[in-house]
Protein chains: 2
Amino acid sequence: MSTNPSIDAVRWLNPDQERAWRAFLRITVAVQAGTARDLAAIGLSEPDYEVLSTLSERPGHTSTLGEQADKMGWSRSRLSRHATRMAARGLLKRTPDPNDGRGCFLVLTAQGLAVLEDAAPAHVESVRRHFIDRLTPADLIAIEQIARRLEEPQASEDRPVT
Amino acid sequence: MSTNPSIDAVRWLNPDQERAWRAFLRITVAVQAGTARDLAAIGLSEPDYEVLSTLSERPGHTSTLGEQADKMGWSRSRLSRHATRMAARGLLKRTPDPNDGRGCFLVLTAQGLAVLEDAAPAHVESVRRHFIDRLTPADLIAIEQIARRLEEPQASEDRPVT
DNA sequence: ACGGATTCGTTGACATGTAATCAATCTAGC
DNA sequence: GCTAGATTGATTACATGTCAACGAATCCGT
């Protein structure tokens with residue numbers, strides 16, 4: 001098929017492996033696209049929702065920027081920029097940290113909380129519709145198991161390739 | 001835990017479902033991050049690799065922009081922008097389409113082909129290391145099955161929510 | 001108390017993705 | 001065969017994320 005012999009010579013994955021890998025790639029884009037589209041319909045992006053949701057779970061709906069970034073697995077830079085945009089939309093606000101002159105708190109505003117309360121049930125419904133309800137209980141267990149295997153540290157993880 | 005009663009009242013997923021959903025989110029970021037990092041080490045992004053790889057499979061290493069975009073599931077805009085950047089790096093070039101004054105061909109350059117030939121084995125190795133080799137054959141089959149279920153059109157897919 | 005090292009958050013330069021836009025082509029009706 | 005509207009092709013404005021560098025505040029050994 002290919003006009004390029006040297007590429008054809010590459011030892012690729014076997015058919016089962018290849019299908020699984022491509023299936024995996026398709027799954028991720030399909031599900032994420034579905035849930036993201038549903039959230040967009042109510043004026044939130046997936047990152048927006050994550051910020052609102054995780055902030056709402058903290059006492060006083062408050063967290064330092066760094067702590068929040070770590071908890072979400074985001075860079076500080078990313079959260080700082082995103083918080084600025086969300087603050088401009090009135091969803092949260094910054095407050096100086098009395099204990100650390102360098103730091104700042106992110107605080108959910110009343111409006112931010114209201115938006116989240118409106119969005120949360122819709123988002124859960126979306127996750128059900130695009131993911132949970134389409135799978136069997138056995139599938140859900142399989143996914144957990146796969147996650148566990150993928151997260152297992154590998155013996156040769158950080159060894160040089162040579 | 002939460003100081004906000006109304007959020008707690010949201011009917012969330014049951015524990016099994018919740019764990020599966022979170023596991024799914026973790027899986028996608030972990031695997032994609034792993035393979036993307038390996039590609040970045042040899043100077044390519046994941047999208048770069050996709051373009052090189054799919055272009056190399058066509059006769060003359062050539063395709064119209066639109067056809068290529070469709071085949072990859074990308075928007076024309078996205079591919080156009082990406083092609084411009086890759087052209088600036090010498091990986092491919094544009095040629096006018098004699099049959100359609102609006103259109104253009106994307107053609108892999110010799111350098112682009114060389115880069116791909118260098119990258120392909122490394123990428124396959126990366127997919128193995130971050131994904132295939134960590135899973136059992138049964139896991140791979142489960143993933144295909146899950147993909148099939150997720151891609152099945154749902155009866156009430158496009159019905160209004162009300 | 002002092003001074004260097006570290007940490008916090010922000011910002012500038014840049015890469016990348018999506019939505020709006022402009023231009024060329026096709027097509028139906030005359 | 002010509003023209004107006006719809007369709008299709010590709011590029012440009014805008015939003016968002018990353019990396020590196022920075023100023024300010026804090027920590028800590030002396």
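The structure presented is a predicted model; accordingly, all values stated were derived computationally and were not measured. Quick note on labels: first sequence line is chain A, next is B, and so on, each numbered from 1.
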- Message: Any side-chain to backbone donor/acceptor pair from B:R94 onto B:F105? Under 3.5 Å, distance only.
- Response: no

- Could you encode protein contacts along nucleotides 20-28 of chain C as a string, one character per nucleotide from 5' to 3', using B for base contact, S for sugar-phosphate-only contact and - for no contact, with a heavy-atom cut-off of under 4.0 Å? ----BS---

- Short N-O contact, A:R134 and B:E152, less than 4.0 angstrom: no

- Query: First and last nucleotide of DNA chain D in contact with chain A, 5' to 3', at under 4.0 Å to a heavy atom: what are they?
  - Reply: D:dT16 to D:dT26

- May I have the distance from A:R78 (atom CZ) to C:dG17 (atom C1'), rounded to whole angstrom? 13 Å

- Whole-Å distance, B:L39 CG to C:dA15 P, equals 18 Å

- Message: Hydrogens and angles aside, do A:T35 and A:D38 bring a side-chain donor and acceptor to less than 3.5 Å of each other?
- Response: no

- Considering just the side-chain nitrogens and oxygens of A:R94, establish if one lies under 4.0 Å of OP1 or OP2 belonging to C:dT10. yes

- Item | Residues forming a side-chain contact (heavy atoms from CB on, under 4.5 Å) with B:R81, sequence neighbours excluded | B:R85

- Query: How are the rings of B:F24 and A:F131 set to each other: parallel, tilted or perpendicular (split at 30° and 60°)?
  - Reply: tilted

- Note on the structure: note: A:D97, atom CG; C:dG9, atom P; distance rounded to Å ~ 8 Å

- Provide, to the nearest angstrom, the distance between the CH2 atom belonging to A:W74 and the C1' atom belonging to C:dC8. 18 Å

- Query: Under the salt bridge (Lys or Arg N to Asp or Glu O under 4.0 Å) rule, what pairs show up with a residue in residues 61-77 of chain A, not counting sequence neighbours?
  - Reply: A:R58-A:E67, A:D70-A:R76

- Using the side chain to side chain donor-acceptor pair (under 3.5 Å) rule, collect all pairs that involve residues 102-113 of chain A, keeping only residues at least two apart or in two chains. A:D100-A:R102

- For A:L79 and C:dT10, give me the distance from atom CG to atom C1', rounded to whole Å. 12 Å

- Note on the structure: Under a side-chain separation threshold of 4.5 Å, the hydrophobic residues clustered together with B:I141 are none

- Message: Please report the distance, rounded to the nearest Å, between CZ in B:R81 and C1' in C:dT18.
- Response: 10 Å

- Query: Just how far, in rounded Å, is P of C:dG17 from CD of A:Q32?
  - Reply: 15 Å

- Which whole-number value in Å describes the distance from B:D48 CG to C:dT16 C1'? 11 Å

- With respect to the phosphate group of C:dG17, does any side-chain polar atom (N or O) of B:H82 fall under 4.0 Å of OP1 or OP2? yes

- Item | Whether B:H123 and B:Y49 hold their rings parallel, tilted or perpendicular, with breakpoints at 30° and 60° | tilted

